[in-house]
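Structure first, commentary second.
This chain uses plain numbering: 1 for the first residue, then up along the sequence.
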Amino acid sequence: MTEFKQSQRESKDNVLKGNQNVHLVQSLVSSESAIQSRTRGHSKYETIEVLHLDNITKIVLKRAEKKNAFSFEMYKEVASALDEAGKDDSVLTVITGQGDFFSSGNDLNNALRSFEGGLEEAVKGNTGLVKKLVCKVIDFPKPLVAMVNGPAIGIATTILGLFDLVYASDKATFNTPFSKLGQHPEGCSSYTFPKMMGLGKATEVLLFNKTLTAQEACNVGLVTEVFPDATFQQEVWSRLRNYATLPKTCLALSKELMRNVEKEKLHEVCEKEFELLAKRANSEDSIKALQEFFQRKSKL
């Protein structure tokens, strides 16, 4: 009888332990599900990654092997991701780069494809994709933040004048080598840069290819604040999480009040910039500059 009671107690203890284990597993599963629900990614993209965390949509340029250069596909995918981010439940949207570069600008293969398939038509297609992305940034309804984790070149620099906040690592640099390539400013920089920097500084940057350090870019208004590279991700993300607790509609409407006055002007500038780019694409000096650039590259 005693052995029977002892057996019953052991059986009961095992059931209790089993229930505890079940509850523990359920708790762990719930925790994991909660983490997954807070951090959701889109796998449909090839050149970028889109994450949702803490009421923030994060768009990561994901071509580290190409220094996050903008291929035709990346232009399309970032534009599509911005469309979705403008309509989702997030409070703000962040764009950053994977690896050491924010972005090295327009992918050189885009230009090579232009030579192979007929320059004039290819340039029209290329400028059309870039123009579409610029217009998406101009019209983006929520606060748009750039986390510039490394060098930004060409379109990756010019478009920053349209962002609401630009936070940079102290390892970031900013360069627009348009004149070297026989090209012209885009991303509305022909308007935003003189306005924020003054005409002299903007001339150095846009016409004479001056490279700005992160601190220099901050001093002329292109960058909002510079952070030590070692703590860049933690410091900026902590700040953004706080911003994302603010009322979503309030922020969007406040941005609209601040930005709508100039939207028409920005679209007008964008149109003129790309008209000039398309018109000058097959000019003698533009073609010569590109050919010389590729010749230099081939010797490296």
Original post:
Could you go step by step and tell me if F163 and I95 meet the side chain to side chain contact (heavy atoms under 4.5 Å, CB included) rule?
Top reply: CA-CA 10 Å; F163 279 62; I95 297 182; 3.9 Å; yes
Original post:
Is there a path of hydrophobic side-chain contacts, each under 4.5 Å between heavy atoms of I, L, V, M, F, W or Y residues, that connects I155 with V60?
Top reply: no
Subject >> Polar side chain donor-acceptor pair, D89 to H52, under 3.5 angstrom >> reply: no
Original post:
Just by distance, with hydrogens left out, do E262 and Y191 show a side-chain donor and acceptor under 3.5 Å apart?
Top reply: yes
Original post:
Which heavy-atom pair separates N106 from F70 by the least distance, and what is that distance?
Top reply: OD1-O, 3.6 Å
**OP:** Specify the closest pair of heavy atoms between K263 and I138, including all atoms of both residues, with the distance to one decimal.
**Re:** CE-O, 3.6 Å
Original post:
Just by distance, do the side chain of E256 and the backbone of S254 share a donor-acceptor pair under 3.5 Å?
Top reply: no
Original post:
Hey, does the side chain of T96 reach the backbone of M147 with a donor-acceptor pair shorter than 3.5 angstrom?
Top reply: yes
**OP:** Evaluate the criterion side chain to side chain contact (heavy atoms under 4.5 Å, CB included) for residue pair R239 and N242; output intermediate values, then yes/no.
**Re:** CA-CA 5 Å; R239 189 174 298 191; N242 287 332; 5.6 Å; no
Original post:
Is there a donor-acceptor pair under 3.5 Å between the side chain of S104 and the backbone N or O of K67?
Top reply: yes
**OP:** Could you verify whether a donor N or O on one side chain and an acceptor N or O on the other, from E77 and T47, lie under 3.5 Å apart?
**Re:** yes
Original post:
With a 4.5 Å heavy-atom cut-off, do L212 and N175 have their side chains touching?
Top reply: no
**OP:** Decide whether W237 and L246 are clustered together by the hydrophobic rule: side chain heavy atoms of Ile, Leu, Val, Met, Phe, Trp, Tyr closer than 4.5 Å, transitively.
**Re:** no
Original post:
Side-chain heavy atoms under 4.5 angstrom apart, residues restricted to Ile, Leu, Val, Met, Phe, Trp, Tyr: same cluster for L276 and I159?
Top reply: no
Original post:
Any side-chain heavy atom of Y167 sitting closer than 4.5 Å to one from L240?
Top reply: yes
Original post:
E273 side chain to C188 main-chain N or O, any donor-acceptor pair under 3.5 Å?
Top reply: yes
Subject >> Candidate list N68, I48, N149, L61, test side-chain contact (heavy atoms from CB on, under 4.5 Å), partner Q98, passing option >> reply: N68
Original post:
Linking I/L/V/M/F/W/Y whenever any side-chain heavy atoms sit under 4.5 Å apart, do F101 and V78 land together?
Top reply: no
Original post:
Would K132 and Y75 count as a side chain to side chain contact (heavy atoms under 4.5 Å, CB included) if you check the C-alpha gap in whole Å, the side-chain angles of each, and the deciding distance to 0.1 Å?
Top reply: CA-CA 8 Å; K132 182 178 180 181; Y75 281 121; over 6 Å; no
**OP:** Would you check if the side chain of T176 reaches a backbone N or O of F178 as a donor-acceptor pair within less than 3.5 Å?
**Re:** no
**OP:** Dump the intermediate steps for salt bridge (Lys or Arg N to Asp or Glu O under 4.0 Å) on K62 and E46, then the final yes or no.
**Re:** CA-CA 8 Å; K62 199 178 176 185; E46 295 180 4; over 6 Å; no
**OP:** Could you tell me whether a side-chain N or O of T157 sits under 3.5 Å from a main-chain N or O of A152, the two making a donor and an acceptor?
**Re:** yes
**OP:** Looking only at non-hydrogen atoms, find the nearest pair between G187 and L162 and report the distance.
**Re:** O-CD1, 3.7 Å
Original post:
Are L206 and I153 co-members of a hydrophobic cluster defined by side-chain heavy atoms under 4.5 Å apart?
Top reply: no
**OP:** Salt-bridge test for D164 and K142: reply yes if a basic N is under 4.0 Å from a carboxylate O, no otherwise.
**Re:** no
Subject >> Carboxylate-amine/guanidinium proximity below 4.0 Å for K272 and E268 >> reply: yes
Original post:
Is the backbone of M74 close enough, under 3.5 Å, to the side chain of S71 for a donor and an acceptor to pair up by distance?
Top reply: yes
Original post:
Does the pair Y45 and S80 meet the rule for a side chain to side chain contact (heavy atoms under 4.5 Å, CB included), with working shown?
Top reply: CA-CA 10 Å; Y45 295 117; S80 175; 3.3 Å; yes
Original post:
Is a salt bridge present between D107 and K66, judged by a nitrogen-to-oxygen distance below 4.0 Å?
Top reply: no
Original post:
Taking atom types as modelled, is there a side-chain donor on S90 or T57 under 3.5 Å from an acceptor on the other?
Top reply: yes
Subject >> Sidechain-backbone polar pair: S179 side chain, L207 backbone, donor-acceptor under 3.5 Å >> reply: yes
